[in-house]
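Just below is one structure, and these are the notes that go with it.
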Amino acid sequence: MDTGHESRWEEDAMTVEIVFALVTAAVPAGVVPAVARTLVLALGLSGPAGKGVSPGGALLGAVAGARRPVRVLLRFDEQRRTGR
């Protein structure tokens, strides 16, 4: 990004987009592990299967949570560069 040449409006737009990216990243980061834990409880999984689903859900939640802001900010930067 070209910093130092943005207008106040462009800086505000970037700030809003960053906050949007972080807030919307919290949803999949929280929902995916919760769904994994719910499946463990609903299906009555125990032993290695039950113990493996929770860390797996946490890992998938972290990946989903990290992927969202990257996608949002890359899309915003592309739109900013093309002038849309």
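Using a 4.5 Å cut-off between side-chain heavy atoms of Ile, Leu, Val, Met, Phe, Trp and Tyr, L74 falls into a hydrophobic cluster with V70.
In this structure, the side chain of S54 does not engage the main chain of K51 through any donor-acceptor pair within 3.5 Å. Checked by atom type and distance alone, the side chain of E10 pairs as donor or acceptor with a backbone atom of S7 at under 3.5 Å.
The number of heavy-atom neighbours closer than 6.0 Å to CZ of R75, taken from other residues, nucleotides and ligands shown, is above 12.
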Please tabulate, for side-chain N and O atoms in residues 14-42, each donor-acceptor pair with protein atoms closer than 3.5 Å (sequence neighbours left out).
from : atom 1 : to  : atom 2 : distance (Å)
T15  : OG1    : E11 : O      : 3.0
T24  : OG1    : F20 : O      : 2.8
T24  : OG1    : A21 : O      : 3.3
T24  : OG1    : R68 : NE     : 3.2
T38  : OG1    : A34 : O      : 2.7

